[in-house]
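Notes for the one structure printed next.
A quick note: this is a predicted structure, and the numbers were derived from the prediction, not measured. Numbers here are sequence positions counted from 1. FYI, side chains are in, hydrogens and waters are out, and symmetry mates aren't considered; it's all heavy atoms of this structure.
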Amino acid sequence: MLCYNPKTTEELDNWVFSEVRFDPLALGKCEAIMSLGNGYMGLRSATEESYIGEKRNLFVNGTFNKFDEFEVSELPNAADLTKLDIRIDGKPLSLEIGTVTVYERRLNLRDAELVRCFVWEHAGKKIGFVFRRFVSLDHLHQIGMRVEIRLLAGGANLSISSGIDGQVTNSGSQHFHEGEKRIYDKTYLVLIQTTTESKIDFVLGAVHELKVNGRRTEVTPKMDIDRRRVGVTYSLDLAEGDTLVFEKLATVYTSRDKEFPEGTTLETIRQTALKTLKEMRFTGYDELFRRHRAAWSAVWERYNFEIKSESRFDLLALRFAIYHLVAMTPAHDHRMGIGAKGLSGEGYKGHSFWDTEIFILPFYIYSNPEIARSLLEYRYLGLEGARAKARDNGYAGAMYPWEAAWPSDGEVTPVWGAVDVVTGEQTKIWSGFIEQHITSDIAYAVWHYYQATGDRDFMNRCGFEMIFDTATFWASRLEWNEAKQRYEINDVVGPDEYKEHVDNNAFTNYMAHFNIELAKQYYYMLQEEDTELFQRLNAKLNLEQAISEWEAKAAHLYLPQPNREGIIPQDDTYLLKQQIDLTPYKRQARVGSIFDDYNLDQVGEMQVSKQADVLMLFFLLEDRFQPEVKKANYDYYEEKTLHDSSLSMSTHCILANDLGDCTLAYELFRRAAEIDLGPYMHSSDAGVHSASLGGVWECVVMGFAGVRMLGGELHVNPRLPKEWEELSFPLYWQGRRLEIVLNHSKLHIRTEKPGEMELLVHGQRIRFNQELQYRYQTY
């Protein structure tokens, strides 16, 4: 059971949420949503003592490995550093036996600290436990753990076994060779493992410190080195009233780390890890945590959001989203992307999807453009893999993989998925073959970033090449329909993945058209403004030949138009399919409940959508459609959309708000926020939902605050929920940081950088220098 804003000090109000009752049958929820990370690594928050059904995950970003030739690359589950075998008079601590009172496990978002405390009574003993844990944002390779054990009634012999446990897998797939185990000076534990296929070395270290009643205690441990494991056991006798503080400090390094250039020896990495361990032991847990807390303080100063709402949950939900976005984003290394589950679980194998470009990147574009650029550079590094995929499929240019891992890995989408409920056969996953809109989604993201930041250096180095080569792919992908005298895009999967092998998915066609038109625009711009760059790209991409194909085909690409009722067909056959009563599935306790009754082929023949599809166009290309068309399509498709994807509700929230349905918009915002932070205790078992977390930010800033980039200009069209009194947030635009505060009738913008600025508020063009006070009426 989760509790939001439990009894905390005033300074932590809206910063903390708690698990207030231990449930051994619902371990995954808190393991995932309370996970810790710093972008370099992510640590799932399994309890120190072990339980059946737990998932102990430690992922290091970018360290992909393929278990064997028949499986795809995934982030390997590194050796576990968190498990402690705590025994009282020889009996293991377990919350499934004895009596547990005063239980709470909480994540403090402000300090990125996990705390678990309880009183445990068993066999005449009464003992208080407080566990603390952090993954350092100050030093990306450091983890800190502390356990405080106080004997409240009765003395006892207490033993704690701790170490580095490589006897872990990715749900059975073992990604590491046996490796080397050492204990240096009877103090410093080191485990070295190498991935089986990618040959990445992992060097993990740990050191321990014990204090009894505030004094450092020297206890000679029993050392234990076994297969894939190195550990120590400390044993001591405590009297009633004694308090033991057990600290464990750990380091994680890999040969893929940016600080180790190619050719760095394993011995160098080992010595680096040992040096860090010794420095950590000298520095101590308290100071290491203080530095970590200061680093997070700087994060919250940069992402300084405030919501005055009738519900405390709203601000907490936004902070929860931002916390996880920071924890999962590899801001330190542009060779890495963001996984669909971040670094909080094994779901989707750590792969990157269109989630990043469409749902997460806007947060960074408008809050931290340097990180947005890094994430786009990751896609630039993936161009060769995209070109290889295009060649393998008989196309030209760059065809981005649906799922991406290490940039050079290319397409890593698994081929087979869940079992068909009707046939009993394994279902083929078609996304890696025919869900192709990701290519134009990435081009769109490059354009969006450039329009909002003006970063011409990135465009010259990366962006223009990405847009040109993706346009070349689309030009080669188009199919001529002689009977209708038009180009079409057939046999695809659109955003609505419940419709496979469809022709002329509206989203795919419109976005491909956008991609080609953008390439045309930049072709002529570079030809006129930067002939040296144009000639370099022309030599590499044969642009002079490409432009003729772009020109010839873009003009004849079929773009589905509204019918008599104003409805844009999602694809050639969607509007002809059967309609059923979707009421049982619209308010489901878990996603995908329709598959309890139908298989995918049957659902494919119904007017039912997994997530926003046509409606995504009204968000991404909103100035291309008239308001009455948006309204007609929203009314038609919203009732047919089950929101079985975490990507969906934020888009529907924003459109509902645009169309004046503020009650539904706020409801959808809350439902999007509750995908992870809500009451469903198994919704996050495989990890948090990265896209939904980015979508929560989009609901607030692009929805309720109405921030949009249209035609290269900044628009602000506020329409706050009636439940909110005021909203304030930072926004970066063209190299300037803006501080925005708005309520139901007033907009205040301040920037420290001098110089005239222009934006549109509800369509009214406004110019100001460093401060704007503007009154408006919500329409």
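- Remark: side-chain polar atoms of R44 are paired, donor with acceptor, to backbone N or O of S344 under 3.5 angstrom.
- Between the side chains of K341 and H689, at least one donor N or O sits under 3.5 Å from an acceptor N or O.
- The pair R312-D13 meets the salt-bridge criterion, with a side-chain N (NZ, NE, NH1 or NH2) lying under 4.0 Å from an Asp/Glu carboxylate O.
- Ring geometry for H122 versus W120: interplanar angle of 30 to 60°, hence tilted.
- If you check the side chains of S645 and Q611, you find a donor sitting under 3.5 Å from an acceptor.
- With respect to E638 and K586, a salt bridge is recorded, a charged nitrogen being found less than 4.0 Å from a carboxylate O.
- In summary, the side chains of N108 and W15 do not present any donor paired with an acceptor at a separation below 3.5 Å, with no hydrogens or angles considered.
- In summary, the side chains of Q570 and D496 do present a donor paired with an acceptor at a separation below 3.5 Å, with no hydrogens or angles considered.
- Ring-centre distance between F118 and F22: not below the 6.0 Å cut-off.
- The aromatic rings of Y574 and Y637 sit tilted relative to each other, their planes meeting at an angle between 30° and 60°.
- Of the N and O atoms on the side chains of S684 and D676, at least one donor lies less than 3.5 Å from an acceptor on the other residue.
- In this structure, D314 and R670 have side chains that are in contact, with non-hydrogen atoms separated by less than 4.5 Å.
- E497 and K499 are not joined by a salt bridge, as no carboxylate oxygen comes within less than 4.0 angstrom of a charged side-chain nitrogen.
- Taking the charged nitrogens against the carboxylate oxygens, R708 and E622 do have a contact shorter than 4.0 Å, which makes a salt bridge.
- No donor-acceptor pair under 3.5 Å is formed between the side chain of R133 and the backbone N or O of G144.
- The closest side-chain donor-acceptor pair between S50 and E54 falls under 3.5 angstrom.
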Where do S18 and E104 land on the side chain to side chain donor-acceptor pair (under 3.5 Å) test, with the steps shown first? CA-CA 6 Å; S18 295; E104 183 187 16; 2.5 Å; yes

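- Note: F595 and Y498 meet the aromatic proximity criterion, with ring centroids under 6.0 Å apart.
- The side-chain tip of K631 does not point at the ring of Y636 from less than 6.0 angstrom away and within 45° of straight on.
- For the 3.5 Å distance criterion, the side chains of E74 and H175 qualify, holding a donor opposite an acceptor.
- Under the ring-ring contact (aromatic ring centres under 6.0 Å, His included) criterion, Y634 pairs with H652, sequence neighbours left out.
- For the 3.5 Å distance criterion, the side chains of S309 and E725 fail to qualify, holding no donor opposite an acceptor.
- Judged purely by distance below 3.5 Å, without hydrogens or angles, the side chains of T356 and Y378 never pair a donor atom with an acceptor atom.
- A donor atom on one side chain and an acceptor atom on the other are found under 3.5 Å apart for N368 and Y303.
- F359 and W697 have their aromatic ring centers separated by at least 6.0 angstrom.
- Checked by atom type, the side-chain pair K610/S648 shows no donor-acceptor distance below 3.5 Å.
- Using a 4.5 Å heavy-atom threshold, the side chains of Y51 and L95 count as touching.
- A distance of 12.5 Å separates NE2 in H324 from CD1 in I360, rounded to the nearest 0.5 Å.
- Taking the six-membered ring where tryptophan is involved, the planes of F669 and F704 are perpendicular, since the angle between them exceeds 60° and thus also 30°.
- Under a cut-off of 6.0 angstrom, the local environment of NZ in K308 is sparse, with at most 12 non-hydrogen atoms contributed by other residues, nucleotides or ligands.
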For a side-chain contact (heavy atoms from CB on, under 4.5 Å) check, start with the C-alpha distance between L107 and Y323, then their side-chain angles and the critical distance, and finish with the verdict. CA-CA 11 Å; L107 180 63; Y323 163 82; 3.7 Å; yes

Derivation and outcome, side chain to side chain donor-acceptor pair (under 3.5 Å), residues N505 and T508: CA-CA 5 Å; N505 169 255; T508 302; 2.8 Å; yes

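- A salt bridge is defined here as a Lys NZ or Arg NE, NH1 or NH2 lying under 4.0 Å from an Asp or Glu carboxylate O, and E48 with K83 fails to meet this definition.
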